[in-house]
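Below: the structure, in structure tokens.
In what follows, chains are A, B, ... by sequence order, proteins preceding strands, each numbered from 1. For the numbers below, each heavy atom of this structure counts, side chains included, while hydrogens, waters and symmetry mates do not.
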2 protein chains.
Amino acid sequence: MSTDASRRRDVTVADVAKAAQVSKAQAARALGNYGAVSDDVRERVLAAAEELNYRPNELARSMNTGKSNTIGVVVGDIENPHFGLATRGITDTAKKSGFNVILVNTDEDTAAEVDAVKVLLDKRVDGLIIAPASSVDTGHLESVHKSGRPLVLLDRKAPGLDVETVAVEMEGISYESTTHLIQEGHRRIAFISTIRMDEPYFAGLPLDSSQIADRRDGMKRAFEEAGLPQPEDLVRLNAGGPESIKKITRELLQQPDPATAIIASDGLIGLSVVEAIQDLGLSIPDDVSFLMYDDFAWTRLTTPPLTVIAQPVYEMGVAAADALIRQIQGRKAPAAAPEFAATLVKRGSVGPAARH
Amino acid sequence: MSTDASRRRDVTVADVAKAAQVSKAQAARALGNYGAVSDDVRERVLAAAEELNYRPNELARSMNTGKSNTIGVVVGDIENPHFGLATRGITDTAKKSGFNVILVNTDEDTAAEVDAVKVLLDKRVDGLIIAPASSVDTGHLESVHKSGRPLVLLDRKAPGLDVETVAVEMEGISYESTTHLIQEGHRRIAFISTIRMDEPYFAGLPLDSSQIADRRDGMKRAFEEAGLPQPEDLVRLNAGGPESIKKITRELLQQPDPATAIIASDGLIGLSVVEAIQDLGLSIPDDVSFLMYDDFAWTRLTTPPLTVIAQPVYEMGVAAADALIRQIQGRKAPAAAPEFAATLVKRGSVGPAARH
DNA sequence: CTGAAAGCGCTAACAT
DNA sequence: ATGTTAGCGCTTTCAG
């Protein structure tokens, strides 16, 4: 053993240079793989580095290069498999290009997001991928963008912001899904989302989330084209935890003019909705039809399997990372940005509306 | 607008100092909140900083302090909700103490893990939380530990390594679960895991993963105490993707002396096993009993709901982060390390063994 | 191709 | 309390 791992100070280029009997500059060049170095010197330096168990200090490196080879990812909830998958797409892609990922969870809270962006910027990440908690309250994103830091929005658009965005076209799929339900005879279609709003929903309420707004618009169009009245009284926001969701579900199903179909805004909500329906002793789709966003594997296991709106989440993570890295490397955007479409996967949870 | 966000160079302490008409050192002290600064100076500095839109360069800060306020987390697969939840526990806890998290995915590949550790160390993370891909091949972890960098193992132990570890006691719960199955009359109990091994399983094969080894041992003890022969021919490793798992399930169920009960090593496997069983047209638990590790919410939605082994995953993430941060801050370990126990949650997927 | 020296932005002695 | 002067470990002129 020629090395003593327990020594306090790390071994630096200076140490390696001395051991290899070259200047610090030459050692650094050989180690950092830049500049001009003779084979002889490179060999000696590398050997010395190996021997001394040298490891570069990436912080120091980042300080002068200005690049940290790190990207910041800000999402609302990694615990949600939707983001888990997207994150996987991002990290897989980042790794391929030699980037690391710092992950921050915001709990869908804009204040936390503002803070996260600050911290990440202070850490000098090379770029940011953000699933913005709000599509409206975007001052912090605006300033990131104006500062020239590469930024890509994931999953949700921010209409006022001219930033590259990777998201599914929601209005269309919402229209398609709603139309499907309408064709099955449903008129009382409920929509449940966790989106936090200060007031209960009413027709025309401006929504903080473009994603939800687009879905609402899609539903609206479907009803309009069918010449039917909007069941806007069945839109429920602020569906917090499982209990809250179950409560909402019960209300929707037991009120005077109840919902005959429920659309859940994501898989986490869907889970609780289905549970509540089962608890009520109701049958899907005989008593109530069910449809949800996100195609998780378990949706094939329920009885009946669930009709869902599948989104290419992993691919979107990949695309977001690709786009960001392209920006970081200063390459121009390809002529056509890839489009991401959701698909309505009809399984068994949607059936004809029950007769009243 | 007195600031020009598009200026190339960031504003530094020097700029702030000049604007506030104090020395760089005083400005730095006021900004960094250390040392002694008069109220007057602090005020002027903070005002100038605000005015100039100053943001500290954490990289530079980290360079002299030696602390990056960042921890590295290395897991096999964030896409797996098990790790998603654990990661949430880690990030939540880290944030509370002002730490950020760099997340690396290894695909359960030791080589990738070795690499990840290197990168993270080069980035000067203050500590590491690792769910080791192998409990045997741990040279890289050993050297991290010997170098004095705080390190906490999550989810899996490494017997040869004297490192703080947050994991569930697996032998016991495996024994308990197996016994439950035995009492229901099962003798042919299969166990399916994704663990990668070069050879197919045979009795006594040393397992690379302590977690799996412990589960195997628990099953073994259950059979021994019941005075029954071990169905070791029903242990299946290398269950890669969904298709591979389904194939294995079919084999297990259709071979001459088939399994009457199947234990899935995690929720991802469980999913495919249940799907395969349904595809075969078999009924749970009438034709085959099923039990799996991880209590995901969807396991309550299947018909019948699944009997599972619940693990306090989020809490373990929290505990791992707490322990690591404690190490980083140089505080001693509490007298008693918290114990984490899994629980057998009996729902409907285990029933009496079918008569042959 | 090589080396000396000057920073990167900040903190940490050391004086005053 | 404040300022001066060194660094942290690395990259980057700039000479040779």
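Side-chain atoms of R55(A) and base atoms of dG9(D) include no donor and acceptor less than 3.5 Å apart. Residue R124(B) places no side-chain atom within donor-acceptor reach of the base of dG9(D), judged by atom type and a 3.5 Å distance cut-off alone. For D10(B) against dG9(C), a side-chain-to-base donor-acceptor contact under 3.5 Å is absent.
Distance from the side chain of A36(A) is smallest to dC1(C) among dC1(C), dG9(D), dG3(D). You'll find that the side chain of R61(B) is closest to dC10(C), out of dA4(C), dG9(D), dC10(C). Each of dT11(D), dC10(D), dA12(C) was ranked by its minimum atom distance to the side chain of T65(B); first place goes to dA12(C). Checking dT12(D), dG3(D), dG7(C) against the side-chain heavy atoms of N64(A) singles out dG7(C) as nearest. When distances run from any side-chain atom of V41(A) to the nucleotides dC10(C), dT2(C), dG3(C), the shortest one goes to dT2(C). Distances from the side chain of R29(A) to the nucleotides dG9(D), dA12(C), dG3(C) place dG3(C) closest.
Between T12(A) and dC8(D), a side-chain N or O to OP1/OP2 separation shorter than 4.0 Å is absent. Residue Y34(B) has a polar side-chain atom (N or O) positioned under 4.0 Å from OP1 or OP2 of dT11(C). Phosphate contact (OP1/OP2 of dG3(C), side-chain N/O of S23(A), threshold under 4.0 Å): present. Residue Q26(B) places at least one side-chain N or O under 4.0 Å from the OP1 or OP2 atom of dT2(D). At dC10(D), none of the side-chain N or O atoms of S62(A) fall inside 4.0 Å of OP1 or OP2 (strictly under the cut-off).
Counting only N and O atoms by type, the side chains of S68(B) and K123(A) include no donor and acceptor under 3.5 Å apart. Side chains of N105(B) and T91(A): a donor-acceptor N/O pair is absent below 3.5 angstrom, by distance only. Side-chain contact annotation: H145(A) with D162(A), donor-acceptor N/O pair under 3.5 Å absent.
The NZ-P distance, from K123(A) to dC10(C), rounds to 14 Å in whole Å. Look at CG on D15(B): it is 11 Å from P on dC8(C), rounded to the nearest Å. The distance from atom NZ of K24(A) to atom C1' of dT13(D) is 14 Å, rounded to the nearest whole Å. Rounded to whole angstrom, the span from the CE atom of M63(A) across to the C1' atom of dG9(C) amounts to 5 Å. In this structure, the NZ atom of K18(A) is 16 Å from the C1' atom of dG3(C), given to the nearest Å. Rounded to whole angstrom, the span from the CG atom of D122(A) across to the C1' atom of dG9(C) amounts to 13 Å. The CD-P distance, from Q21(B) to dT2(D), rounds to 14 Å in whole Å. With rounding to whole Å, K67(B) atom NZ is found 18 Å from dC8(D) atom P.
A salt bridge does not link D39(B) with R44(B): every distance from a Lys NZ or Arg NE/NH1/NH2 to an Asp or Glu carboxylate oxygen is 4.0 Å or more. Under 4.0 Å is where a charged nitrogen must lie from a carboxylate oxygen, and between K118(B) and E113(B) no such pair does. Using a 4.0 Å cut-off between a side-chain N of Lys or Arg and a carboxylate O of Asp or Glu, D92(A) and R88(A) qualify as a salt bridge.
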